[in-house]
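Please read all numbers here as calculations on a predicted model, not as lab measurements.
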Amino acid sequence: MSLSLALLLAAAAPAPDYGNTQLPDPHAEAQARALMGELRCVVCQGQSIADSDADMAADMRALVRQRIARGESPTAIRNWLIERYGDYVSYDPPLSGATALLWATPILLLALGAWIARSTFRRRR
């Protein structure tokens, strides 16, 4: 009787809360942490899911760890999250028509600064 009760309780035990619990495999946990550092919390704006205390970030951490534990690659998980939440979820958005301005802005600002500096130095001569 006690054996069957123990088996019943073990079967009914909830799965580990991977949102706040590390994976048992150190290599898998390292992969999960690296990926979580690259993903932006959709609630906190500006924090990675690794750093955020939001419930949504905990859910995303759990999802990343569960998928890593199942053997999925970090790239596949990242791509799935981008499909689900959009390019905003990634700190390194892919180059596309929608993000081209985002990628070009630093270069354009650098060129504008060089042009302003050049014209300022020419006037002083």
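Using modelled atom types, one finds no donor on one side chain facing an acceptor on the other under 3.5 Å when comparing S48 with R40.
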Working for side-chain contact (heavy atoms from CB on, under 4.5 Å), residues I116 and L112 = CA-CA 6 Å; I116 290 171; L112 178 66; 4.0 Å; yes

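With contacts defined as side-chain heavy-atom distances shorter than 4.5 Å, the pair S90/R78 qualifies. The side-chain heavy atoms of L81 and V64, taken from C-beta on, include a pair separated by under 4.5 Å. Here the side chains of T75 and L35 are not in contact, with every heavy-atom distance at 4.5 Å or above. Y85 places a side-chain heavy atom less than 4.5 Å from the side chain of M60.
Placement of Y91 and Y88 in two distinct hydrophobic clusters is found when ILVMFWY residues are connected by side-chain heavy-atom separations under 4.5 Å, directly or transitively. Note on L39: it clusters hydrophobically with W80, by side-chain heavy-atom contacts below 4.5 Å among ILVMFWY residues.
Separating the CD1 atom in I68 from the CD1 atom in I77 is a distance of 3.5 Å, to the nearest 0.5 Å. To the nearest 0.5 Å, atoms CG (D53) and SG (C44) are separated by 7.5 Å. Here the straight-line distance linking atom CG of D51 with atom CZ of R61 works out to 9.0 Å at 0.5 Å rounding. Rounding to the nearest 0.5 Å places CG of D55 at 10.0 Å from SG of C41.
Within 6.0 Å of CZ in R118 there are 12 or fewer heavy atoms belonging to other residues, nucleotides or ligands.
Closest non-hydrogen pair, M56 versus V42, comes out as CG-CG2, 3.7 Å.
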Determine all donor-acceptor pairs shorter than 3.5 Å in which one atom belongs to a side chain in residues 26-34; sequence neighbours excluded.
residue, atom, partner, partner atom, Å
E29, OE1, L23, N, 2.8
E29, OE1, R65, NE, 3.1
E29, OE2, R33, NE, 3.1
E29, OE2, R65, NE, 3.4
E29, OE2, R65, NH2, 2.8

